[in-house]
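Proteins get letters first, then strands, A, B, ... in listed order; numbering begins at 1 in each.
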2 protein chains.
Amino acid sequence: MSDGKTTRANAALGAVTMSTIGRLAGVSQVTVSRALSTPSKVSPQTLERIHEAIRQTGYVPNALAGALASRRSRLITALVPSITNIVYSSLLHGFSQILRNDGYQIMLAECGFDPEEEERLIATMLSRRPDGMLLTGIHHTPASRKMLMGADIPVVEVWDISETPIDVCVGFSHVAAGAAVGEFAGQQGHATALTITAADERAHRRRAAFAEAFARTGGQNVVRVDCAGAASLGVGRGAFAQAVADHGFTHGVVFCSSDLLAHGVLIEAQAQGMAVPGQVAVIGFGDQDYAAAVEPALTTVKVDRDELGRVAAAQMQRRILGETLETSVIDLGFSIIRRASA
Amino acid sequence: MSDGKTTRANAALGAVTMSTIGRLAGVSQVTVSRALSTPSKVSPQTLERIHEAIRQTGYVPNALAGALASRRSRLITALVPSITNIVYSSLLHGFSQILRNDGYQIMLAECGFDPEEEERLIATMLSRRPDGMLLTGIHHTPASRKMLMGADIPVVEVWDISETPIDVCVGFSHVAAGAAVGEFAGQQGHATALTITAADERAHRRRAAFAEAFARTGGQNVVRVDCAGAASLGVGRGAFAQAVADHGFTHGVVFCSSDLLAHGVLIEAQAQGMAVPGQVAVIGFGDQDYAAAVEPALTTVKVDRDELGRVAAAQMQRRILGETLETSVIDLGFSIIRRASA
DNA sequence: AACCGGAATGAATGCGCAAACATACGTCTC
DNA sequence: GAGACGTATGTTTGCGCATTCATTCCGGTT
């Protein structure tokens with residue numbers, strides 16, 4: 001026992017440390033450390049005594065101290081615009097599950113859609129010395145980029161693809177997705193389109209690509225309704241009602257930036273007695289679990305979020321292991337799921 | 001400068017520490033520490049030099065080391081059954097916001113509805129030495145309780161109330177809520193009720209209380225459908241279809257354990273041509289934002305989740321400041337929001 | 001018998017910071 | 001002008017652990 005003084009101080013504070021356990025088991029602190037991280041290097045009898053001491057005291061290792069000493073925190077931070085938005089939280093599901101199995105903890109934070117707020121959060125998160133970081137989207141402030149590159153940890157950007165990723169990015173092209181829906185709508189022979197778009201930069205990129213492709217494929221005109229806040233069923237209803245009332249939208253195709261908005265449109269169209277898809281065709285985005293369950297079932301754009309989370313996790317693992325990745329941009333694509341609504 | 005050796009080692013590793021900053025600014029490490037935590041104790045000129053050095057190097061403080069030295073991590077962990085379930089994630093919203101303003105970071109984890117999994121997560125979370133912990137629900141394994149009481153940190157349990165909280169609990173009585181809906185349904189003169197309940201222990205307590213109160217208030221019989229997995233719109237539709245097909249449920253009141261399930265019931269009832277609320281009355285739980293936006297608008301039980309998050313945060317703050325609280329159980333109640341569906 | 005090599009353990013050190021204590025140099029008071 | 005006090009800084013120490021480098025003890029070799 002090397003640290004009589006230390007353990008006395010601990011006792012006064014009531015804190016149980018590795019030294020406490022060691023003293024109870026008749027070994028030194030190092031042996032306890034080994035028993036927990038590399039048990040094969042400790043004899044079975046010693047291991048048993050150590051575990052007994054841990055059981056008796058209810059000892060919980062101090063990961064802060066461990067991380068400080070080893071320079072590995074086994075912590076991965078994730079930054080999403082909104083945890084209440086199922087698009088992002090479901091993506092995290094696959095991601096966390098895989099990394100949890102590797103012994104990593106995920107620390108989550110919500111940055112809204114504001115790059116400045118994101119920058120502040122990146123700074124506080126980096127102060128916890130994570131072993132890796134997951135970001136949503138590819139647009140970050142210059143200061144954020146600088147901090148991240150200086151941090152020298154793997155950074156995975158998801159839900160979009162970029163020519164110039166910070167490190168690795170996994171996602172799909174929002175422009176391609178919007179354009180694909182625009183062509184789909186145009187080919188169905190609609191003359192008029194309505195876009196309902198939430199306050200999300202990526203949604204607006206899809207909208208712009210949609211409008212361009214719709215016009216190119218024979219569409220005549222596009223009515224545009226942008227929503228200020230977060231998407232919700234009520235916002236979708238309201239936006240559609242507004243398009244009908246203010247813009248005289250009575251026939252055509254509606255492209256919503258999320259299934260939630262599209263669902264709101266379905267409800268409002270039904271309330272107004274408009275036939276879907278006969279009079280109004282509705283297309284959502286995201287293929288949420290309810291998209292197939294609504295009436296009529298929703299035509300939408302599917303992005304495999306579970307797969308996205310899994311691939312992001314796999315890339316994170318490989319980067320943590322120090323592998324230099326050949327491809328740093330992974331495009332997972334999307335698909336249009338055609339159901340009854342359009 | 002006391003630590004020439006240390007700084008040399010740092011330089012080799014490329015790590016910027018307080019000593020690095022101090023050297024650049026011509027002061028000691030302590031002064032840098034003071035500049036960041038108590039700037040009023042440092043002269044303006046020194047402060048300026050320190051900030052300049054921080055800017056140049058892109059220094060980010062190491063919160064792990066700070067927490068280890070000060071024994072305060074400025075970290076609060078929260079454990080919820082599911083982050084994709086908006087009931088819990090919206091509750092966290094108010095909670096995080098308040099504590100973030102106090103300089104606390106929130107670390108989130110998802111435990112499903114499994115106490116064993118919760119126990120494992122509590123252990124890993126405690127290893128990060130949080131300054132406080134938020135738990136969902138009041139049922140935890142004995143080992144969990146022991147760890148938490150031993151950790152000597154504030155623990156706030158939310159979304160339920162208990163006779164024997166670990167520390168503080170903030171919520172409402174699920175039994176009282178279920179009973180209130182049961183009476184409400186009985187008084188409307190329905191003879192038959194259908195309960196659709198997700199796999200959630202609290203939801204089942206509400207269901208049982210509902211059935212008891214419904215019978216007491218004149219109800220004749222209760223059809224019971226329990227769902228295995230998580231609630232969703234599709235599951236609600238399916239459960240209602242099953243009740244109609246297998247149990248011959250054609251008239252009466254439906255009490256769902258969540259608004260999501262209730263929404264599914266609305267859609268299925270409409271698809272089957274059943275009038276709501278004329279033939280079938282539907283009652284949800286949670287008062288989600290879409291409850292008012294669906295057709296017909298959903299009658300439901302409202303729990304002020306924002307308020308709940310805020311109160312939980314306030315209690316956490318006070319306990320962290322060391323105040324011994326008079327009341328450790330706070331019942332926030334609930335209310336039945338009567339809309340068109342029942 | 002001298003040697004080797006592996007298994008099990010321990011001593012010493014430092015991760016980056018905050019807290020306690022110490023010092024230097026003023027300014028104000030009687 | 002001696003003491004008291006305040007402001008700005010520095011020195012020292014240790015938080016609890018992982019890492020590195022010994023050390024001891026063993027059975028097996030030659």
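Results of the side chain to side chain donor-acceptor pair (under 3.5 Å) test with H140(B) over K146(B), E118(B), E119(B) single out E118(B) as the only residue that passes.
Under the 4.0 Å criterion applied to side-chain N and carboxylate O atoms, R49(B) and E52(B) are not assigned as salt-bridge partners. Salt-bridge formation is detected for the pair R120(A)/E117(A): a Lys NZ or Arg NE/NH1/NH2 atom is positioned less than 4.0 Å from an Asp or Glu carboxylate oxygen. Of the charged side-chain nitrogens involved, at least one lies within less than 4.0 Å of a carboxylate oxygen, so that D167(A) and R319(A) count as a salt-bridged pair.
Closest approach to the A65(B) side chain among dC17(D), dT9(D), dG16(C) is made by dG16(C) (side chain taken as heavy atoms from C-beta onward). Among dT9(D), dT9(C), dC17(D), the nucleotide with an atom closest to any side-chain atom of V42(A) is dT9(C). Closest approach to the V30(A) side chain among dC17(C), dG10(C), dG16(C) is made by dG10(C) (side chain taken as heavy atoms from C-beta onward). Comparing atom distances between the A69(B) side chain and each of dG14(D), dA8(C), dG16(D) picks out dG14(D) as nearest.
In this structure, CZ of R128(B) is placed 21 Å from P of dC15(D), rounded to the nearest angstrom. Separating the CD1 atom of I50(B) from the P atom of dT9(D) is a distance of 8 Å, rounded to the nearest angstrom. Computed from coordinates, the Q29(B) CD to dA19(C) P distance equals 11 Å when rounded to whole Å. One can place CG of L47(A) at 14 Å from C1' of dA7(C), the figure rounded to the nearest angstrom. The nearest whole Å value for the distance from the CE atom in M18(A) to the P atom in dT13(C) is 20 Å. Computed from coordinates, the R74(A) CZ to dC15(C) P distance equals 22 Å when rounded to whole Å. Per the geometry, CG belonging to L68(B) stands 4 Å off C1' belonging to dC15(D), to the nearest Å. Summarising the geometry, the separation between CG on L64(A) and C1' on dC15(D) is reported as 10 Å, rounded to the nearest angstrom.
Each of S43(A) and R72(B) was assigned the nucleotide of DNA chain C with the nearest heavy atom; the assignment lying further toward the 5' end belongs to S43(A).
Separating the CG atom in L121(B) from the OG atom in S144(B) is a distance of 9.5 Å, to the nearest 0.5 Å.
Phosphate contact (OP1/OP2 of dA18(C), side-chain N/O of S33(B), threshold under 4.0 Å): present. Between S28(B) and dT11(D), a side-chain N or O to OP1/OP2 separation shorter than 4.0 Å is absent. Look at T31(B) and you won't find any side-chain N or O under 4.0 angstrom from OP1 or OP2 of dT9(D). Regarding contacts with the backbone of dG10(C), every side-chain N or O of R34(A) stays at 4.0 angstrom or more from both OP1 and OP2. The phosphate of dG16(C) (OP1 or OP2) has no side-chain N or O of Y59(B) nearer than 4.0 angstrom. In this structure, S19(B) does not reach the dC17(C) phosphate: none of its side-chain N or O atoms is under 4.0 Å from OP1 or OP2. At the phosphate of dC17(D), neither OP1 nor OP2 sits under 4.0 Å from any side-chain N or O atom of S70(A).
For the pair T136(B) (side chain) and L79(B) (backbone), a donor-acceptor distance under 3.5 Å is present.
Looking at Q45(A), its side chain has no donor and acceptor atom pair within 3.5 Å of the base of dA8(C).
The residue S37(A) sits apart from the nucleic acid: no heavy atom pair falls under 4.0 Å.
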